[in-house]
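Everything numeric in this text was worked out from a predicted model, so none of it was measured.
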Amino acid sequence: NIQSTFPTRALAKSVFKVQDDRGLKLLLRDSLEDMMLHSAMVLCLLLVAVSSNLAIAIKKEKRPPQTLSRGWGDDITWVQTYEEGLFYAHKSKKPLMVIHHLEDCQYCQALKQVFAQNEEIQEMAQNKFIMLNLMHETTDKNLSPDGQYVPRIMFVDPSLTVRADIAGRYSNRLYTYEPQDLPLLIENMKKALRLIQSEL
């Protein structure tokens with residue numbers, strides 16, 4: 001007579017040290033509660049992951065990168081050409097700020113990074129200036145009074161006069177700025193605005 005390999009109720013009781021059917025029910029109920037708790041935790045983690053990915057996707061959709069910024073500030077409205085900048089400067093009575101730079105210039109990249117992170121510069125650039133960044137020279141020689149180097153920042157007033165009197169701190173490159181020169185750049189932006197107010 002071959003015995004069954006499956007444990008009988010008596011054997012199960014002895015293995016689990018369960019004295020009666022009520023103990024077995026309690027054990028099964030505890031196991032079921034553990035499984036439900038585990039499933040609820042997995043579901044919560046899944047919901048958090050899905051909602052955070054959805055939030056990131058919505059944020060990305062909300063503000064597409066502006067290619068004209070080239071990293072100088074995506075919240076700034078940039079004009080595409082020098083001629084367009086002159087037109088809008090004259091029309092809006094705002095100064096035009098022209099940033100000459102190159103992608104493979106380490107000094108330009110360093111300046112760009114701090115320029116894009118500075119809230120005061122970004123706010124003024126967005127609201128009080130017509131903004132243009134160029135990776136090539138223009139035909140207007142007034143934009144390179146002391147040479148065609150980068151980075152170089154020039155200001156043009158609404159009367160379409162290049163303001164060579166608004167310069168940086170370096171005598172060999174009057175219109176260049178380094179990352180540590182941001183306070184001077186901010187002051188020069190404010191100076192460009194003051195000059196316009198006094199001359200209009």
Hydrophobic cluster partners of V79 (side-chain heavy atoms under 4.5 Å)
Y82, L86, F87, Y88, L96, V98, I130, L132, L134, L143, Y149, M154, V156, L160, V162, L174, Y175
Do the rings of H101 and W72 sit parallel, tilted or perpendicular, given the 30° and 60° boundaries?
perpendicular
Applying the 4.5 Å side-chain criterion to the ILVMFWY set and letting contacts propagate, would V150 and L185 be lumped into a single cluster?
no
Show the nearest heavy-atom pair for residues P95 and K128, with the distance to one decimal.
CD-O, 3.5 Å
Flag yes if F155 and I186 sit in one hydrophobic cluster, no otherwise; membership is Ile, Leu, Val, Met, Phe, Trp, Tyr, and two members link when side-chain heavy atoms are under 4.5 Å apart.
yes
Between M124 and M97, is the side-chain contact (heavy atoms from CB on, under 4.5 Å) condition met? List the steps.
CA-CA 11 Å; M124 279 196 292; M97 183 173 174; over 6 Å; no
For E83, check side-chain contact (heavy atoms from CB on, under 4.5 Å) against everything at least two apart and list the hits.
T81
Anything under 3.5 Å between a donor and an acceptor, one on a side chain of residues 104-115, the other on a protein residue two or more places apart or in another chain? List them.
{"from": "Q109", "atom 1": "NE2", "to": "E103", "atom 2": "O", "distance (Å)": "2.8"}
{"from": "K112", "atom 1": "NZ", "to": "R70", "atom 2": "O", "distance (Å)": "2.8"}
{"from": "K112", "atom 1": "NZ", "to": "E103", "atom 2": "OE2", "distance (Å)": "3.4"}

Within a reach of under 6.0 Å around CD of Q80, are more than 12 heavy atoms found that belong to other residues, nucleotides or ligands?
no
Hey, are the side chains of L195 and I166 touching, using non-hydrogen atoms and a 4.5 Å cut-off?
yes
If you compare all heavy atoms of A116 against all heavy atoms of G73, which two are closest, and at what distance to 0.1 Å?
CB-N, 4.4 Å
side-chain hydrogen bond (donor to acceptor under 3.5 Å, both in side chains) assessment of D157 paired with S159
CA-CA 5 Å; D157 69 25; S159 71; 2.5 Å; yes
Let me confirm one number: the CE-CD distance from M189 to E123, rounded to the nearest 0.5 Å.
9.0 Å
dist T161:OG1 -> R163:CZ (nearest 0.5 Å) comes out at 7.0 Å
Could you tell me whether the side chain of N118 and the main chain of L182 form a donor-acceptor pair under 3.5 Å?
no
Could you go through the side-chain contact (heavy atoms from CB on, under 4.5 Å) check for Q126 and T77 one step at a time?
CA-CA 6 Å; Q126 175 62 26; T77 302; 3.5 Å; yes
Can you tell if the side chain of L193 reaches within under 4.5 Å of the side chain of F129, non-hydrogen atoms only?
yes
R173/E178 ion pair, N-O < 4.0 Å
no
Closest approach of P151 to Y177 (non-hydrogen atoms, all atoms of both residues)
CG-O, 3.8 Å
Near E119 CD, under 6.0 Å, is it more than 12 heavy atoms from other residues, nucleotides or ligands?
no
T176 side chain reached by R152 side chain, heavy atoms, under 4.5 Å:
no
Going from CG on D75 to OG on S69, what distance comes out if it is rounded to the nearest 0.5 angstrom?
9.0 Å
Nearest heavy atoms of N127 and K94, plus distance in Å
O-NZ, 3.2 Å
When you measure from the side chain of D181 to the backbone of R169, do you find a donor-acceptor pair of N or O atoms at a distance under 3.5 Å?
no
Decide if atom NZ of K191 counts as having more than 12 heavy atoms of other residues, nucleotides or ligands within a radius under 6.0 Å.
yes
